[in-house]
Enquirer: 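Following this message is one structure expressed as C-alpha cells.
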Amino acid sequence: MSFAWAKPYEPKTEIGRWFDDRLPLPRLVYGAIGGGYPVPRNLNYFWNFGVLAGMALAIQIVTGIVLAMHYYSYAGGAFESVERIMRDVNGGWFIRYAHANGASFFFAVIYIHIFRGLYYGSYKAPRELVWMLGVVIYLLMMATGFMGYVLPWGQMSYWGAQVITGFFSAIPVVGESIRVWLLGGYAPDQAALSRFFSLHYLLPFVIAGVVVLHIWALHIPGSGNPTGVDVKDEKDTLPFHPFYTAKDGFGVGVALLVFATVLFYLPNYFGHSDNYIEANPLATPAHIVPEWYFWPFYAILKSFTFDFILPAKLWGVLAMFSSILLLFFLTWIDRSPVRSTSYRPVYKRFFWLLVVDVLVLGWIGGSAPTTARIIIGQIAAAYYFAHFLIILPLVSKFEKPLPLPTSITASVLHGEEEESAPYGLAKSAPAAAE
Amino acid sequence: MATLEHEANGEPIIDGDGGEGGVRRRDFINVAALSFAGVGAVAVALPLISQMSPSADVLAQASVDVDISKILPGQAIKTSWRKQPIFVRNLQPKEIAEANAVPLSELRDPETLAQRTKPGHTNWLITLGVCTHLGCIPLGTGEGENRGEFGGYFCPCHGSQYDTAARIRKGPAPKNLVVPPYEFSSPTVVKIG
C-alpha cells in the first residue's frame, strides 16, 4: 500500500512506458525501495539489519552455488572434496570461508534484527504476520544451517547430525522409526549426507520466497519506527530512495568491513577444530557442541537432567522447540498498547534481563556440563520461559507507560530544540507537556 | 445456471433424490473428482515418503561375526554393526556381583543382568555403544577411559552414567544401552544381527 502521499511510478521514457504496460516490474521496485515507499523519518541504525540479512542471504546463495560445483556429497569423499576446495580450487578457500563465516554473519544479523523487533514491538498489530513470517524464516534458517554444517563430514558435523536427529527419537513409541526414516539408516551415512545436501541446496530458495512474503506483508502497514507511534502525515515520512538507500548503503559498507575482517583474519574463529578431523562413526568427540548460533537452545535442551512425569530427554526436546515456537504467540502474550520499549520503563529492564539471560544460556550451551554450569543453565532456562509466560503478560497489564510523542515529527523536532536552545532554556517536549 | 437444469417453462429440475438444497449431480461430481485426485496424491506421496527409509543395501549389512577369544576379564572392545558401534565386554566376577546387587526398584529402566546376557554367558555383556540420550558413544571400552560413577560406561557429552550391566543410572538418558540380537555360534565367536 504505502501512504496516500506516496508518489506513483511514472515511466519517463517511451520504452519504460512500453515495459510498464506489459510487466510492471520497475513499478514494483519503485514502490518497494524507491521514491514510492514513504518510510518514517526517524529510523535508527537498528533498521539497517533487514537489508543486511538480505545481503547475507544473497552471499550464502551465491557462494553456496559455487561450492556445490566442487563438492562431492559422497560419504567417502565429502571431507576430501572440502579440503580440495581449500587447496586446489582457484579461490576456493575464499569462497568456502565466505560461505562458512557468512552463516555466522547471517545469524548474528538476524539475532540483532529479532531483538530489534522485540524492543520496538514489531510483533504488535498491524505487523503480526510480518513477525510470524520472520519466525518461519528463522526456523528455516536453523534447518538449513544445521544441514549445511553436516556436509563437510568432519567429526563435529557427523556427531552433530547424530545428536540433532537423536531429538526425534525422544518422541514416544514411533520416535526411533522416525529417526531411522530421516537418516535413511541406523546412523548418519551416505543416505543422510545426500538428502542433507539436496535440502541444503533447496531451502535457501524457500527462505528467499518467505522473505518476499515477509517484505510484502511489511509494505502493507509500512515500516515501524523507534517511537512506535503511527505515521500521521507526510511530514513523518521520507521516500526510501535516496534517504534510506543511502543510510542502508553506509550500513552495508560497515558490515562488509566487519565481515571481511573475520573472513581474512579469523576465518576459523567460529568453527570447531574437531571438524578438521574426518567423521568417525566409532568415536565421539570429547565434547559435542553445535555452532554458536544454536548455543542458547542447546543449553535449554541440556537443562533437563532428571525425569518427572515424562523422561528428561523428551522434556529437553519439547522445551527446546517450544522456546522458539513461543515467539509465534508474542502478539497475544504482550498486550501492552505501547509498541516501543523506550516508553515502557518497567518492561525495558526485563528486556535487558532477557538479553543477559540469552547470553548466559549461550555461554552454558557452548561449554562442557559441570554441576555448577548445569544449575546455572537450569536457572537461565527457567527464566527464559518465565520472561515470556509470566513477566511479559503481567508487565503489559500493570505497567504505566511514559507519555508518547504526539507524532514522529514532534519526537524528532523536540530533540533538535533541546540541542539548539541555551542550556536549561529548552521548552519541554510538546508531547510530555500535554 | 451451471448447477441446475431447466425445463422449457423455467422450473428447475432437482437431480437425484435431494430436495431444494439437497445433493445435486454436480456435488457428486465434485466429491468424486476430489476423492480421485486425493487417492492419486496419496499414491504418489507413498513412494516419495518410503524412499527415505533405509535402502536395501543399508539393510543388507545384516550380521557380523566377532571373535571374543582375546578379550580378557575386565576388558572391552568396540566393533561395529549396521554402522553403529557395538560394545563387547568381558565382565569380572566383581562387576557381575555389583550389577546383581542393585535392587530393580532403583533403576530407571529395570532389567536384570541375566535378562541382558545369554544363559551360561553372563560375563559377556554385548550392547550397542549408542547413548540412549542423543546417540553419542559413551566412554568405557578403552584402557583407562572414564567408566563413570557406576563402573560401566560414561557419556561425557551430557553426563549419562551406566553401570556394569550397561543400565542407565544417572543423567538424562532414558533407557539402558540396547542389547542387539546376537547368538554364540561357538564359545569364542559371537554372531551379531
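Numbered from 1 within each chain, the chains take letters A, B, ... in sequence-line order.
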Enquirer: Sort A:Y298 into side chain, backbone, both or neither according to what part of it lies under 4.5 angstrom from a heavy atom of chain B.
Expert: side chain

Enquirer: Let me see the working for A:V180 and B:S53 under side chain to side chain contact (heavy atoms under 4.5 Å, CB included), right down to the final yes or no.
Expert: CA-CA 7 Å; A:V180 169; B:S53 299; over 6 Å; no

Enquirer: Show the nearest heavy-atom pair for residues B:S80 and A:L282, with the distance to one decimal.
Expert: CB-CD2, 3.7 Å

Enquirer: Ignoring hydrogens and angles, tell me if any N or O in the side chain of A:K313 forms a donor-acceptor pair with the backbone of B:L134 under 3.5 Å.
Expert: no

Enquirer: If we define contacts as heavy-atom pairs under 4.5 Å, which of A:L183, A:L182, A:T284 has the most with chain B?
Expert: A:T284

Enquirer: Side chains of B:L59 and A:Y186, heavy atoms from C-beta outward: is any pair under 4.5 Å?
Expert: yes

Enquirer: Let me know if A:F304 has heavy atoms under 4.5 Å from chain B in its side chain, its backbone, both or neither.
Expert: backbone

Enquirer: Measure from the side-chain N and O atoms of A:W159 to the backbone N and O of B:I137, and report whether any donor-acceptor pair falls under 3.5 Å.
Expert: no

Enquirer: Under 6.0 Å from the NZ atom of B:K118, do we count more than 12 heavy atoms belonging to anything else shown?
Expert: yes

Enquirer: At a heavy-atom separation under 4.5 Å, does A:L301 approach chain B through its side chain, its backbone, both, or neither?
Expert: side chain

Enquirer: May I ask you to name which of A:P188, A:P285, A:P281 has the most heavy-atom pairs under 4.5 Å with chain B?
Expert: A:P281

Enquirer: Hey, which of B:S160, B:C136, B:C155 has the most heavy atom pairs under 4.5 Å with chain A?
Expert: B:C136

Enquirer: To check you understand the geometry: which heavy-atom pair defines the closest contact between A:P311 and B:P174, and what is its length?
Expert: CB-CB, 4.1 Å

Enquirer: For the interface with chain A, which of B:K175, B:H133, B:K170 has the highest count of heavy-atom pairs at distances below 4.5 Å?
Expert: B:H133

Enquirer: Relative to chain B, which of A:S169, A:A368, A:G184 shows the most heavy atom pairs under 4.5 Å?
Expert: A:G184

Enquirer: Tell me whether the count of non-hydrogen atoms from other residues, nucleotides or ligands lying under 6.0 Å of OH in A:Y269 goes above 12.
Expert: no

Enquirer: Can you establish whether the number of heavy atoms outside A:F328 located under 6.0 Å from its atom CZ is more than 12?
Expert: yes

Enquirer: Does A:Y138 have more than 12 heavy atoms from other residues, nucleotides or ligands lying within 6.0 Å of its OH?
Expert: yes

Enquirer: What option among B:K78, B:R82, B:K83, B:Q51 has the most heavy-atom pairs under 4.5 Å with chain A?
Expert: B:R82

Enquirer: Check whether B:T141 gets within reach of chain A through its side chain, its backbone, both or neither, counting any heavy atom under 4.5 Å.
Expert: neither

